Number of protein chains: 2
Amino acid sequence: MNVTLKQFRYFESLAQHGHFGRAAENCAISQPALSMQIKELEAALGTELFERGARQVRLTSFGEAFALRVRDILRSVDELADIARAAQTQLVGRLRIGVIPTIAPYLLPTIIGNLMRLNADLDLQLRETITPKLLTELAEGRLDTAIVALPISEPSLTEVPLFSEGFVLIRPAEDEGKPVPSRERLREMRLLLLEEGHCFRDQALSFCNTSAAPPRELLDGSSLSTLVQMVSAGIGVTLIPEMAIAVETRATAVSVARFGDPKPQRSVGMVWRKTSPLAKQLLQVAELVRHSALTLRAQHAML
Amino acid sequence: MNVTLKQFRYFESLAQHGHFGRAAENCAISQPALSMQIKELEAALGTELFERGARQVRLTSFGEAFALRVRDILRSVDELADIARAAQTQLVGRLRIGVIPTIAPYLLPTIIGNLMRLNADLDLQLRETITPKLLTELAEGRLDTAIVALPISEPSLTEVPLFSEGFVLIRPAEDEGKPVPSRERLREMRLLLLEEGHCFRDQALSFCNTSAAPPRELLDGSSLSTLVQMVSAGIGVTLIPEMAIAVETRATAVSVARFGDPKPQRSVGMVWRKTSPLAKQLLQVAELVRHSALTLRAQHAML
DNA sequence: TTATTGCGATAAGATTATCTGATGAATGTC
DNA sequence: GACATTCATCAGATAATCTTATCGCAATAA
């Protein structure tokens, strides 16, 4: 037989009380049960822990040394249970979030702030890359959740919609005031897009009804910032999500135009493995992200 | 239910293998048994430790933190067993020895040296006092063993004889060469004795057949050294154990006389509680003490 | 000495925990 | 779509653990 925590607990009680009957009572078991477990513990160790005198039960000198260590172990175990109890409700430990590049720069600062305000000890790990990579890492367990454009339609993932955001047209500053081009007109303009792989590229193309065959000549940028810079240089026009307007047009002379119906837009949401035990916490995070986005939008509206 | 070490061991195995079947095999149990124990552990903690994917079993982030602590705990427990195993054969930990004052100064240096040579880590605690106090402390568990004059005849104690030692007569230096007094003559001399309570006092008186009523006028000293000093000052004569000769007459001008038959002597032995779990080690110690005494006697014989 | 009391050990039977083997359900593979 | 893999579940068997009753020993009291 092996030693057990139960034996440790009984041992601790007996060491404290120095009396089998009272120690047993303290453990809510019968005296023989305690006697047996102590005997088994001693047998397992090959050493006596107590000296049973006629009038008293005393720890042997080894027993005393043993007691110190046992106490430590029992404390560690109890502590472990406490930690677990705390972890189940609150958001603790490590949280690995992936975000697509057309959201990350605009939403993350707010999200991080809100998360850290919720739990400063949170070990937040962030990853910014395109949706397919995020999904792979999610599947491999290297991410806990990802903020992407919906739908993903992956049966192994839970999808939670967060918000919808429209796209706006970014034109050179001198186009300010000109009529907003229709989708058809847009197709004839030089539309600057992100590199392949970015979902926002597909969403933009989709709006122009040119999803399948890319039109005329396109120029790919690696970030929305780059695209906007190119627009301001008069190279063409581009689309960016509403959320990006404030940041990307702050220091750049371009014209922002909003489309009439049908407005282009996309749905942003959070996804995680259906098997993830963090589900409860992730729902909490989703709510927080949703709130962060609303706050952000309200701030922009005031500008 | 409470968490158990068994669950911790299973958990560790599963964390390592990431596969219920293989982990179960590693633990020499069936896969359902492992599944159940893991489930129970998770239930006890109120948190999931593993994320069961279709193709793999992964630790949750909490599980990883948990695993670190569990590993520590299991190591501590295993270490505990090792310590116990080492303790049962070897003499380790604390050893509390009581010695009567008419032996301690002469025998202890050798004993301590030999004990520490056997185990340098030994926590040796020594107590020098008269037999009744030693026996009390022994009974109260404040000593592990005592070196005293036998017999003690206390049924709760184990007695182990170590050696016999004779007594010699210490006379002023000018008595050197004079005939050794008989016991009867001795009774008429001024015999210097230790204070009451010292067993050696009784043993000396017993030799003079004056056990019951102390004779003429006695002068009590608190140590053999004092007695010998008093003898050298011409105040009287005294008896000391052979073992004390070398030390006590080294720097003092006195005459040492050995009695003819019947030679006075006493038996020195070790005692410990019959219930003491150190019995095995104490027998070992007794053998060491016996050997120390023999060595000491041999050294004296060479002087 | 001879009862009596206190306390731990032991024994037998009941209860609970844990395990095994068979099977099910979900997912992924050919 | 049949098959394989893998974890969960179930029922029954086995083993660990507990309880109650009793014993034996030692200390105290009569």
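So you know, we letter chains A, B, ... as the sequences are listed, proteins then strands, and number each from 1. Here the structure is a predicted model, which means the values were calculated and not measured.
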Side-chain ion pair, [X] and [Y], N-O less than 4.0 Å:
X: Glu25(A); Y: Arg22(A); value: no
X: Arg75(A); Y: Glu12(A); value: yes
X: Glu79(A); Y: Arg69(B); value: yes
X: Asp202(B); Y: Arg266(B); value: no

Rounded off to whole Å, could you give me the [atom1]-to-[atom2] distance for the [X] and [N] pair?
X: Lys39(B); N: dT6(D); atom1: NZ; atom2: P; result: 21 Å
X: Gln56(B); N: dT29(C); atom1: CD; atom2: P; result: 12 Å
X: Arg58(B); N: dT6(D); atom1: CZ; atom2: P; result: 15 Å
X: Phe50(A); N: dC7(C); atom1: CZ; atom2: C1'; result: 15 Å
X: Glu40(B); N: dC7(D); atom1: CD; atom2: C1'; result: 17 Å

Distances under 3.5 Å between nitrogen or oxygen atoms of protein and nucleotides 25-27 of chain D:
none

- N or O in side chain of Arg52(A) less than 4.0 angstrom from dC7(C) OP1/OP2: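 It does not, given that no N or O in the side chain of Arg52(A) lies less than 4.0 Å from OP1 or OP2 of dC7(C).
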Quick one: does [X]'s side chain get under 4.5 Å of [Y]'s, heavy atoms only?
X: Ile147(B); Y: Ile100(B); result: no
X: Leu80(B); Y: Phe8(A); result: yes
X: Cys27(B); Y: Arg9(B); result: no
X: Leu138(B); Y: Val271(B); result: yes

task = Only counting residues at least two apart or in another chain, list the ones meeting side chain to side chain contact (heavy atoms under 4.5 Å, CB included) with Pro277(A).
result =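 Glu48(B), Glu51(B), Thr60(B).
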With sequence neighbours left out, the residues meeting side chain to side chain contact (heavy atoms under 4.5 Å, CB included) with Glu64(A) are Leu59(A), Arg94(B)
Between dG8(C), dC7(D), dC19(C), which nucleotide gets closest to the side-chain atoms of Tyr10(B)?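 The closest nucleotide is dC19(C).
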**Asked** Considering only side-chain heavy atoms of Val57(B), which listed nucleotide, dA9(C), dC7(D), dT18(C), is closest?
**Response**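 Minimum distance to the Val57(B) side chain belongs to dC7(D).
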Report each atom pair, protein N/O against N/O of nucleotides 14-16 of chain D, whose distance is under 3.5 angstrom.
none

Would you call the rings of Phe50(A) and Phe11(A) parallel, tilted or perpendicular if under 30° counts as parallel and over 60° as perpendicular?
tilted
(Q) Less than 3.5 Å apart, any donor N or O on the side chain of Glu140(A) or Thr136(A) sitting next to an acceptor on the other? (A)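 No - no donor-acceptor pair under 3.5 Å links their side chains.
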Ordered by number, residues from residues 272-282 of chain B within less than 4.0 Å of DNA chain D (heavy atoms) are none
Check: Which residues in residues 22-36 of chain B have at least one heavy atom lying under 4.0 Å from any atom of DNA chain D?
Finding: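 Heavy-atom cutoff 4.0 Å gives Gln31(B), Pro32(B), Ser35(B).
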With Ile97(B) as partner, the option from Asp144(B), Val289(B), Thr145(B) fulfilling side chain to side chain contact (heavy atoms under 4.5 Å, CB included) is Thr145(B)
